[in-house]
Student: 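Before I ask anything, let me first share the structure, which is written out below as structure tokens.
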Number of protein chains: 2
Amino acid sequence: MTTTRISSTDLIATLEDRGCRITSPRRDFIALLERKEGGFSAEELCSELPGVGRATIYRTLKLLLEAGVLCKLAMPDGAPKYTLARFDHHHHAVCVQCGLVTDFRDSTIERLMRAVGSEVPGKVVGHRLEVYMTCQGCLVSPAD
Amino acid sequence: MTTTRISSTDLIATLEDRGCRITSPRRDFIALLERKEGGFSAEELCSELPGVGRATIYRTLKLLLEAGVLCKLAMPDGAPKYTLARFDHHHHAVCVQCGLVTDFRDSTIERLMRAVGSEVPGKVVGHRLEVYMTCQGCLVSPAD
DNA sequence: TGCGTTATTGCGACTCATTCTCAAAACGTC
DNA sequence: GACGTTTTGAGAATGAGTCGCAATAACGCA
């Protein structure tokens, strides 16, 4: 369920399509993203891109978020993490130990939304679902 | 589904049960909570309780959160809101216009969790679900 | 009721994630 | 290559929340 690799070429094309200029900070940012496996934090990116200013990191993050190629999710304590979006509409199962993110799409959730829609007085306009887990790797070898 | 009123007496009893002292800032805080309909922010409480320090507001919020009588939820933009908990384990449908919170409990979500559990490699340890809506009142008279 | 112990308070400084301001630098087009 | 516009980076500002600490107030006991 977590296969599709996203190439930096695709991400650059996404920016071009939105009329953005392809600058070297953006190029570096995207090259780094391409190498990321699971979820990552903004601060992590900042320290891995020492030549790029924090503001630019956050601006680029927001840009890709708006373009729909990144997702922002929250850890149990509310700490934000980002991850590459591989499906159009999907949800995340994030490992609370190592941050690995497994995407999944499930029709049950859509059914659930319809059920809620008929139960609450008003119109459902969206939702957010995060599943927290301990991944196989962390179950086998509890890292920290 | 959003019926049960919680009285300040209950909330005070909750604090007593945890061995907390019933101080006047806490009393004021609880009296204010009792009058709240939907979700509210910490800053809102601060300005409505001018005699009580910010730190105390946040400490009391945390206390009641730990006691399980309050829930913390996130708006679509990530802004935090708090709401009184009326069920043990439940989810929220929050109006993105006025902040009204409707609680619901749905067995579909528990089914969903089991489905995800068998799909992702690892052990599901928790989840977070927020449903965003426009409530009946806001549909009828779009306030702002 | 009066006291002492201990929890709680409030202030202000601090953190963390993120946004804003604005002058300087970099793009892409002509 | 020149030029207009978009981006950038440094640092100040913001919002949510926490922390340290001296002053204060609850509660149990006599």
Side-chain angles (χ1 to χ4, degrees), chain A residues 11-33 39-67 70-83 94 99 128 130, chain B residues 8 11-32 39-67 70-83 94 99 128 130:
Chain A
L11 294 176
I12 294 202
T14 305
L15 290 185
E16 279 173 340
D17 289 353
R18 310 198 107 217
C20 295
R21 291 185 181 173
I22 309 306
T23 64
S24 64
R26 286 181 181 164
R27 226 182 275 277
D28 295 349
F29 185 101
I30 285 175
L32 177 57
L33 278 202
F40 45 86
S41 67
E43 270 330 290
E44 191 180 325
L45 298 182
C46 287
S47 58
E48 289 171 17
L49 290 171
V52 181
R54 320 167 54 64
T56 301
I57 300 279
Y58 280 101
R59 279 188 288 236
T60 311
L61 232 22
K62 194 181 213 175
L63 202 56
L64 294 175
L65 229 33
E66 279 162 8
L70 274 189
C71 293
K72 182 177 183 176
L73 49 99
M75 296 302 278
D77 65 351
K81 292 267 179 197
Y82 298 85
T83 182
V94 43
R128 169 204 299 256
E130 243 93 85
Chain B
S8 55
L11 294 177
I12 293 203
T14 304
L15 289 185
E16 280 173 338
D17 290 351
R18 309 198 107 218
C20 295
R21 291 184 182 174
I22 308 308
T23 64
S24 63
R26 287 180 179 166
R27 228 183 273 277
D28 295 350
F29 184 102
I30 284 174
L32 176 58
F40 45 86
S41 67
E43 274 327 293
E44 189 181 325
L45 298 181
C46 287
S47 59
E48 288 171 19
L49 290 170
V52 180
R54 303 166 45 68
T56 301
I57 301 280
Y58 280 102
R59 280 187 287 237
T60 310
L61 229 24
K62 193 181 213 177
L63 203 56
L64 295 175
L65 228 32
E66 279 162 9
L70 273 188
C71 292
K72 183 177 183 174
L73 51 99
M75 296 303 277
D77 65 351
K81 292 270 178 194
Y82 298 85
T83 182
V94 43
R128 169 203 299 255
E130 242 94 85

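Chain identifiers are assigned alphabetically (A, B, ...) following the order of the sequence lines, protein sequences preceding nucleic acid strands; residue numbering begins at 1 within each chain. No hydrogens, no waters, no symmetry mates; every other heavy atom, side chains included, goes into these values.
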Student: Would A:Lys81 and A:Val94 satisfy side-chain contact (heavy atoms from CB on, under 4.5 Å), going step by step from the backbone distance to the final call?
Tutor: CA-CA 10 Å; A:Lys81 292 267 179 197; A:Val94 43; 5.7 Å; no
Student: For B:Thr56, which residues count as a side chain to side chain contact (heavy atoms under 4.5 Å, CB included) partner, sequence neighbours excluded?
Tutor: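 With neighbours one apart ignored, the set is B:Pro25, B:Val52, B:Arg59, B:Thr60.
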Student: Could you list where the contact with chain B starts and ends along DNA chain C, reading 5' to 3', using a 4.0 Å heavy-atom cut-off?
Tutor: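 First and last nucleotides in contact are C:dT6 to C:dC11.
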Student: Within this structure, what is the CG-to-C1' distance between B:Leu73 and D:dA16, rounded to whole angstrom?
Tutor: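 After rounding, the reported distance stands at 15 Å.
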Student: Show every salt bridge (charged side-chain N to carboxylate O under 4.0 Å, His left out) that has at least one partner inside residues 39-56 of chain A, sequence neighbours left out.
Tutor: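 Output for this query lists A:Lys36-A:Glu44, A:Lys36-A:Glu48, A:Glu43-A:Arg54.
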Student: Rounded to the nearest 0.5 Å, how far does CG of A:Leu45 lie from OG of A:Ser47?
Tutor: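 The OG atom of A:Ser47 sits 8.0 Å away from the CG atom of A:Leu45.
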Student: Could you check how far CE of B:Met75 sits from P of D:dG15, rounded to whole Å?
Tutor: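 Distance, rounded to whole Å: 17 Å.
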Student: Which heavy atom of A:Leu65 sits nearest to which heavy atom of A:Lys72, and what is that distance?
Tutor: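 That would be CD1-N, 3.7 Å.
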Student: On a heavy-atom basis, which atom in B:Leu49 and which in B:Phe29 lie closest, and how many Å separate them?
Tutor: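 Smallest interatomic distance, heavy atoms only, reads CD1-CA, 3.8 Å.
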Student: What's the CG-C1' distance between B:Asp77 and D:dT14, to the nearest Å?
Tutor: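 Taking atom C1' of D:dT14 as the reference, CG of B:Asp77 is at 14 Å.
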Student: Is the side chain of B:Glu130 donor-acceptor paired with the backbone N or O of B:Ala74 at a distance under 3.5 Å, no angle test?
Tutor: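 Yes: the side chain of B:Glu130 pairs with the backbone of B:Ala74.
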Student: Take atom CD1 of A:Ile57 and atom C1' of D:dA10, then tell me their distance rounded to the nearest Å.
Tutor: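 Result: 14 Å.
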Student: With a non-hydrogen cut-off below 4.0 angstrom, is B:Gly51 in contact with a base, only sugar-phosphate, or nothing?
Tutor: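 B:Gly51: backbone/sugar contact only, no base atoms under 4.0 Å.
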Student: For a 4.5 angstrom cut-off between non-hydrogen side-chain atoms, does B:Leu11 reach B:Leu15?
Tutor: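 Contact flag for B:Leu11/B:Leu15 side chains = no.
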Student: If you compare all heavy atoms of B:Cys46 against all heavy atoms of B:Ile57, which two are closest, and at what distance to 0.1 Å?
Tutor: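 Heavy atoms only, the tightest pair is SG-CG1, 3.8 Å.
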Student: Between the two ends of the helix from C:dT1-D:dA30 to C:dC30-D:dG1, what is the bend in degrees, rounded to 10 degrees, where each end axis spans five pairs?
Tutor: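 Terminal axis comparison yields 30°.
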Student: Quick one, give me the B/S/- string for nucleotides 17-22 of chain D, reading 5' to 3', where B means a protein heavy atom under 4.0 Å from the base and S means that only happens at the primed atoms, P, OP1 or OP2.
Tutor: BBBB--
Student: Once you round to the nearest 0.5 Å, how far does OH of A:Tyr82 lie from OG of A:Ser41?
Tutor: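 Reported to 0.5 Å precision, the distance equals 9.0 Å.
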Student: Give, for atom CD1 of B:Ile12 and atom CD1 of B:Ile30, the distance between the pair rounded to the nearest 0.5 Å.
Tutor: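 Between B:Ile12 CD1 and B:Ile30 CD1, I get 5.0 Å after rounding to 0.5 Å.
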Student: Under 4.0 Å, heavy atom to any atom of DNA chain C: which of residues 12-25 of chain B qualify?
Tutor: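 Within this stretch, B:Cys20, B:Arg21, B:Thr23, B:Pro25 sit under 4.0 Å of the strand.
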Student: Please name the pair of heavy atoms, one in A:Thr83 and one in A:Gly39, separated by the smallest distance, quoted to 0.1 Å.
Tutor: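 Residues A:Thr83 and A:Gly39, closest heavy atoms: CB-CA, 4.3 Å.
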Student: Could you check how far CG of A:Leu63 sits from C1' of D:dT6, rounded to whole Å?
Tutor: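 Atom-to-atom, A:Leu63 to D:dT6, this comes out as 12 Å.
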Student: Can you name the nearest heavy-atom pair linking A:Arg128 to B:Gly78, along with the distance?
Tutor: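 So the two residues come closest at NH2-N, 4.0 Å.
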